[in-house]
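Notes follow the structure.
Remember, predicted model here, so these are calculated numbers, not experimental data.
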There are 2 protein chains.
Amino acid sequence: MSRVTAVNLDEVDWRILAILQAEARISFKELGHRIGLTGTAIAERVRKLEDEGVIEGYNVNLNREKLGFPVMAFLKLRVNAEHCKHLREQSIALPEVIEMHRVVGSEYYILKIVLPSMQHLEAVLEKFLQFGAVDVSIVLSTTVDRKRLQKQSSETR
Amino acid sequence: MSRVTAVNLDEVDWRILAILQAEARISFKELGHRIGLTGTAIAERVRKLEDEGVIEGYNVNLNREKLGFPVMAFLKLRVNAEHCKHLREQSIALPEVIEMHRVVGSEYYILKIVLPSMQHLEAVLEKFLQFGAVDVSIVLSTTVDRKRLQKQSSETR
DNA sequence: GGTGAAATGGGAGTAGC
DNA sequence: GCTACTCCCATTTCACC
């Protein structure tokens, strides 16, 4: 198990990340203006964050409904050990599966899937039921999503 | 319940979105170069996608471990109706809760949380146990994350 | 570690087609 | 959708603090 040490960030780095989490296409000049530094200084800090691997990339935030995937669901799968490899391959290959996490309990997986309609759910479920038991939770509404990571106090709260 | 109609996108739009999902800070000129259009044409299409609400924003993709949140978990909560409002407020206020979804089953919620350490889990659980039963799934590893949304065939596969 | 200035190359935005 | 144009931004390099 690889141990990843946290990088030391100062207040300015956290402020940069807070803004980038909401407006990743902002110019360094504007970013510097908001924080009170020059664009040059900001550019250097951002490059450092990229080099250290704190920043892994930049994404666009898309509206699922408008792209034709109004249905979202979580699947919890209990999979026999011999099927794990196939489940991985299936999850990577299926465009419907946007997240897959192995969770505690020897052979449990949680998948997040998106679908054009409820009619598609049955077809996707069929693909996973061959591996083991599936517990389905269909999302009705989302209250919190992509909340920004922020500096937390170091105490155990 | 508001009904959101899917927007009609052509092949070029989907190719733009595919690239932006991976490299959101790319210049319009470079984006146009890869697709075979001019930067001006791309900029116009992107602005249209923003105006239509297909593109909701741009994010930076951060490394949780390096920011000091190596632990991730899913909570499934069964909450009494009178506690729903407090659960919402709690989830919005707590920086540890990065997603909250209401799922089928009259009073079920799924939360995704991130934590600096396992020691923090207990404190967070305490806050939710007052509302009802909590089922915890600690993430061991993530196989698929932020998979790109892509055009799917319209047939029920 | 930051500023400020100058120079370069390239991106963004606009107007006309 | 393209081209041509202008303006602004990013990047590098310098001296400086």
Side-chain angles (χ1 to χ4, degrees), chain A residues 4-63 66-68 148-154, chain B residues 5-69 146 148-151:
Chain A
V4 180
T5 16
V7 172
N8 247 0
L9 302 179
D10 64 12
E11 275 303 325
V12 174
D13 288 324
W14 277 105
R15 288 172 68 191
I16 290 173
L17 294 180
I19 294 173
L20 283 180
Q21 283 183 84
E23 299 166 70
R25 276 184 73 92
I26 192 173
S27 76
F28 293 142
K29 191 179 182 183
E30 169 64 18
L31 190 47
H33 180 67
R34 295 199 201 168
I35 289 179
L37 292 178
T38 59
T40 315
I42 297 291
E44 198 174 327
R45 278 174 178 265
V46 171
R47 193 200 347 265
K48 185 155 168 276
L49 290 168
E50 289 172 350
D51 291 344
E52 290 172 335
V54 174
I55 293 177
E56 297 184 335
Y58 302 92
N59 319 120
V60 66
N61 183 352
L62 299 176
N63 184 301
K66 295 193 175 171
L67 285 175
R148 297 209 291 256
L149 292 180
Q150 52 195 282
K151 193 179 182 181
Q152 278 178 280
S153 56
S154 53
Chain B
T5 15
V7 172
N8 247 0
L9 303 180
D10 64 13
E11 275 304 324
V12 174
D13 288 324
W14 278 105
R15 288 173 67 193
I16 290 173
L17 294 180
I19 295 173
L20 283 180
Q21 284 182 82
E23 299 166 71
R25 275 184 74 92
I26 192 174
S27 74
F28 292 143
K29 190 179 184 185
E30 169 63 19
L31 190 47
H33 180 67
R34 294 199 201 168
I35 289 179
L37 291 178
T38 60
T40 316
I42 297 291
E44 199 174 328
R45 277 173 178 265
V46 171
R47 192 196 344 265
K48 184 153 170 279
L49 290 168
E50 289 171 351
D51 290 345
E52 289 171 335
V54 175
I55 292 177
E56 297 183 336
Y58 302 91
N59 318 121
V60 66
N61 184 353
L62 299 176
N63 183 302
R64 275 190 301 111
E65 285 85 1
K66 295 193 175 172
L67 285 176
F69 303 96
R146 299 179 232 239
R148 297 208 291 255
L149 292 180
Q150 51 194 284
K151 193 178 183 181

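Chain A approaches DNA chain C over the interval C/dG1 to C/dA12, counting the first and last nucleotide 5' to 3' with an atom under 4.0 Å from its heavy atoms. The outermost nucleotides of DNA chain D lying under 4.0 Å from heavy atoms of chain A, listed 5' to 3', are D/dC9 to D/dT12.
The side-chain hydrogen bond (donor to acceptor under 3.5 Å, both in side chains) check on B/Arg34 picks up B/Glu23, B/Glu30, with sequence neighbours excluded. For B/Arg45, the side-chain hydrogen bond (donor to acceptor under 3.5 Å, both in side chains) partners at least two apart in sequence or on another chain are B/Asp10, B/Asp13. For A/Ala43, the side chain to side chain contact (heavy atoms under 4.5 Å, CB included) partners at least two apart in sequence or on another chain are A/Phe28. Judged as a side chain to side chain contact (heavy atoms under 4.5 Å, CB included), and not counting sequence neighbours, the contacts of B/Ala41 are B/Leu37, B/Thr38. A search for side chain to side chain contact (heavy atoms under 4.5 Å, CB included) contacts involving B/Gln21 returns A/Val60, A/Leu62, B/Leu17, B/Arg148, B/Leu149, not counting sequence neighbours.
Counting heavy atoms of neighbouring residues, nucleotides and ligands inside a 6.0 Å radius, atom CD of A/Glu44 does not exceed 12 of them.
Rounded to the nearest 0.5 angstrom, A/Leu31 CG and A/Ile26 CD1 are separated by 5.0 Å. Here the straight-line distance linking atom CG of A/Asn59 with atom CG of B/Leu20 works out to 10.0 Å at 0.5 Å rounding. Separating the NZ atom in B/Lys29 from the CD1 atom in B/Ile42 is a distance of 13.5 Å, to the nearest 0.5 Å.
A/Leu67 has its side chain within reach of B/Trp14: a pair of non-hydrogen atoms, C-beta onward, lies under 4.5 Å apart.
Of the residues in residues 36-60 of chain A, A/Leu37, A/Thr38, A/Ala41, A/Arg45 come within less than 4.0 Å of DNA chain C through at least one heavy atom, sorted by number. Within a heavy-atom distance below 4.0 Å of DNA chain C, no residue of residues 16-26 of chain B is found.
Applying the salt bridge (Lys or Arg N to Asp or Glu O under 4.0 Å) test to every pair with at least one member in residues 50-60 of chain A, sequence neighbours left out, gives these pairs: A/Lys48-A/Glu52.
Judged by distance alone, with hydrogens and angles left aside, the side-chain atoms of A/Arg25 form no donor-acceptor pair with the main-chain N or O of B/Tyr58 at under 3.5 Å.
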Watson-Crick or G-U pairs under 3.5 Å in DNA chain D, rendered as dot-bracket with [ ] for crossing pairs and | for another strand: |||||||||||||||.|
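Of the listed residues (B/Ile55, B/Val7, B/Leu9, B/Leu49), just one forms a side chain to side chain contact (heavy atoms under 4.5 Å, CB included) with A/Lys66, and that residue is B/Val7.
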